[in-house]
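Residue numbers start from 1 in every chain, and the chains themselves are labelled A, B, ... in the order their sequence lines are given, proteins ahead of strands.
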Amino acid sequence: MIRLFNSLTHQKEPFEPRDAGKAGIYCCGPTVYNLVHVGNARPYVTFAVLRSWLRHRRLETTLVTNITDVDDKIIAKANAEGRDATAIAEEYTAAYIADTDRLGIPRPDVEPRATETIPEIIDLVCQLIAGGHAYAAHGSVYFRVRSFAGYGKLSKQRIDELDEGVRVDNEPGKADPLDFAVWKAAKSGEPAWESPWGRGRPGWHIECSAMGLRYLGAGFDVHGGGRDLIFPHHENEIAQSEAAGLPFAKVWMHNGMIRSEGEKMAKSVGNIFLLREVLDRYEPAVVLMYFLTTHYRSPLEFSTGKLDEAKAAYARLRDALGDIDFRVANAAKAALLGECPDLTLRATAARLAFAERMDDDLNTAGAVGELFALVSETYRYLSEVDRGETPLDVEALRSVRRVLTESLGHLLIPAPSGAAEITPAGTVAGNEALACVTGDVALLPAARLAGDGRWDDIVLVYADRLGCADASYACLLRDHYRVEKQWSDADRLRDEMQEAGFEVRDTSQGTQVVRKS
RNA sequence: GGCGGCGUAGCCAAGUGGUAAGGCAGAGGUCUGCAAAACCUCCAUCAUCGGUUCAACUCCGAUCGCCGCCUCCA
């Protein structure tokens, strides 16, 4: 059973979809007037993972993430730069899609634009006016906050207390300072659409109500976004929708803020780090690890140190997967083959533990922890194998590998590429090469002299001749040196391999290489 | 001032009414031609003070500290 923390009730609740077997998620996307920063990426990742997990749990899931492409801030930016607001919106929409794409996770199922939802927005405003919840004034339309009894139920605010600190603005048509615009009369040069109240554009908030209801229908399952949107944005979304007689989201999920130097990362504070800059320096898997090793509701500090930690953690996973592959590929060299039911059981237990964590309010941090626990247990087992205390169980290792890669898949983290790069000396090609090498050792120095003395030249000669991967060949060559106790040659080759971007490890089954990340 | 959240080892971070996952770093050891990786051992009584309970880090209250929202904000 999946349980989700609902901001509306302030507790974890069993997830009960509106439609059996289906789930609909609406996540607040960006207003496109700037490049997305790390903070913006957190909900993008969080709700993509939620969708992934719900699908794994056999729910046909739809994720809708809006793009608000008409808004005061866009217009302000356009004015400041002397440009057209539409051009600004288009530019940053493209940048948003390009930047988030680099995370390498599937896009939302629907990414509707506010500007493509104008008729629905106008309809909604008409309904609000008809019901007495909104009123037109000077070409704008305002929502009458005090007309909606439930106002404040999400943010736990009471209207009378809000009244105290409300911003004094100079919108002459407002009947109550708490009221907010659902439709704004357009000034000349601003993007505008015909409406019953004259030319204008949507107010902030209304577009999300309209898009959520349009794509997911009334009473949809989950609405997500950053914690900072609870008030007023989400509160207003609820008011607008429900005052119009349309039940809104059942479960509200809010991710915690990303902080930088102890403060919320925000453009206004000036402590932002752009997503694209981070992705220039760290591979997507590391960035995902960074996000997912903290629970989505907790605040998360941003720093290169934290990214480096995520990188180190990911490297352990990568190495573990690589080591498993290496052992499996070199199983023939194992001293003792057999079954280890215990390891198989642990793999299964880890799979279940992972699922339990994920079911519990998307506890990705705990879930990743279970994966690492499995890695530790596997290494412990492998050590026992090396000491001859227990047999090597290839199938059990494959089970572990499957649990690891499938679980990472649920988190949208790609199986570490390093694993695939590890070239075991005992592959089919490698064994053929080994036969050739051992049978024709005399050729090696000649090949070495033929090139400029670097291992990859030799490798090229032999790889071409033997049809095997170069790294694999270098491993064989090094094994040869080591068997012959030609330490200086072996060490030099290792240096060269390291220069070429490989980590080199000696094992009882031969030289193992891991491509450095 | 109102509303909400957080405070777990050097750092990061899960977690349960019955004496604390995991990652990074550190110390010692094993393995290794050297190295790397790995393994083993060591490293917290959960901000403070009270209360409830047979038993609390986990429930309640207070205190201190930090953060978010109340204005644009993921």
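- Listed by chain and number, the residues in a ring pair (Phe, Tyr, Trp, His ring centres under 6.0 Å) with A/His37 amount to none (sequence neighbours excluded).
- Projected onto RNA chain B by closest heavy-atom contact, A/His10 and A/His233 fall at different nucleotides, the more 5' of which corresponds to A/His10.
- Residue A/Gly305 is out of contact with every strand shown, counting any heavy-atom pair closer than 4.0 Å.
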Output, in order, the C-alpha distance, side-chain angles, deciding distance and verdict of salt bridge (charged side-chain N to carboxylate O under 4.0 Å, His left out) for A/Asp342 and A/Arg346. CA-CA 6 Å; A/Asp342 206 40; A/Arg346 283 179 189 281; 3.6 Å; yes

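- Nucleotides B/rU58 and B/rU16, compared at atom P, are 13 Å apart to the nearest Å.
- Residue ring and nucleobase are stacked for A/Trp487 and B/rG33, with a centre distance beneath 5.5 angstrom and an angle between planes beneath 30°.
- For residues 230-239 of chain A, there are no salt bridge (Lys or Arg N to Asp or Glu O under 4.0 Å) pairs, not counting sequence neighbours.
- At B/rC24, none of the side-chain N or O atoms of A/Lys311 fall inside 4.0 Å of OP1 or OP2 (strictly under the cut-off).
- Nearest nucleotide to the A/Glu309 side chain, out of B/rA74, B/rC11, B/rG22: B/rC11.
- Nucleic acid contact class of A/Arg482 (heavy atoms, under 4.0 Å, all strands): base.
- Dashed line: the shortest gap from a side-chain N or O of A/Lys264 to OP1 or OP2 of B/rC69 is under 4.0 Å.
- With contacts defined as side-chain heavy-atom distances shorter than 4.5 Å, the pair A/Ser303/A/Glu309 does not qualify.
- The base of B/rC72 does not come close enough to the side chain of A/Asp228 for any donor and acceptor atom to sit less than 3.5 Å apart.
- A heavy atom lying under 4.0 Å from RNA chain B marks the following residues of residues 289-303 of chain A, by number: A/Thr293, A/Thr294, A/His295, A/Ser298.
- Relative to the side chain of A/Ala365, the nucleotides B/rG68, B/rA14, B/rG4 differ in distance, and B/rA14 lies closest.
- Taking 3.5 Å as the limit, the base of B/rG15 and the side chain of A/Asn363 contain no donor-acceptor pair of atoms between them.
- Note on residues 349-360 of chain A: pairs passing salt bridge (Lys or Arg N to Asp or Glu O under 4.0 Å), not counting sequence neighbours, are A/Lys12-A/Asp360, A/Arg57-A/Asp359, A/Arg351-A/Glu406, A/Arg357-A/Glu370.
- Partner A/Phe180 forms a ring-ring contact (aromatic ring centres under 6.0 Å, His included) with one of A/Phe231, A/Phe148, A/Phe143 and no other, that one being A/Phe143.
- Nucleic acid contact class of A/Ile230 (heavy atoms, under 4.0 Å, all strands): none.
- In this structure A/Asn236 satisfies the side-chain hydrogen bond (donor to acceptor under 3.5 Å, both in side chains) test together with A/Tyr151, A/His205, sequence neighbours excluded.
- Here the side chain of A/Arg357 is nearest to one of B/rC39, B/rG15, B/rA74, namely B/rG15.
- One finds no side-chain N or O of A/Lys306 lying less than 4.0 angstrom from the OP1 or OP2 phosphate oxygen of B/rC24.
- The phosphate of B/rG23 has OP1 or OP2 within less than 4.0 Å of a side-chain N or O from A/Ser376.
- Between the OG1 atom in A/Thr511 and the CZ atom in A/Arg478 there is a gap of 4.5 Å [rounded to 0.5 Å].
- At least one test fails for A/Lys77 against the ring of A/Tyr33: distance under 6.0 Å to the centre or angle within 45° of the axis.
- Within 4.0 Å (heavy atoms only), A/Gly369 reaches at least one base atom of the nucleic acid.
- When base pairs are accepted only as Watson-Crick or G-U wobble with both N-N or N-O distances under 3.5 Å, RNA chain B takes part in stems of 3 or more pairs at B:1-7 with B:64-70, B:10-12 with B:22-24, B:26-30 with B:38-42, B:47-51 with B:59-63.
- Side-chain polar atoms of A/Asp323 and A/Tyr379 form a donor-acceptor pair below 3.5 angstrom.
- For the C1' atom pair drawn from B/rA36 and B/rG4, the interatomic distance equals 49 Å after rounding to whole Å.
- Within 4.0 Å of A/Gly39, counting heavy atoms only, lies at least one base atom of the nucleic acid.
- OP1 or OP2 of B/rA38 has at least one side-chain nitrogen or oxygen of A/Arg316 nearer than 4.0 Å.
- One finds no side-chain N or O of A/Arg380 lying less than 4.0 angstrom from the OP1 or OP2 phosphate oxygen of B/rC39.
- A donor and an acceptor atom never sit less than 3.5 Å apart when one is taken from the side chain of A/Arg505 and the other from the base of B/rA38.
- A/Leu371 comes within 4.0 angstrom of nothing in the nucleic acid, heavy atoms only.
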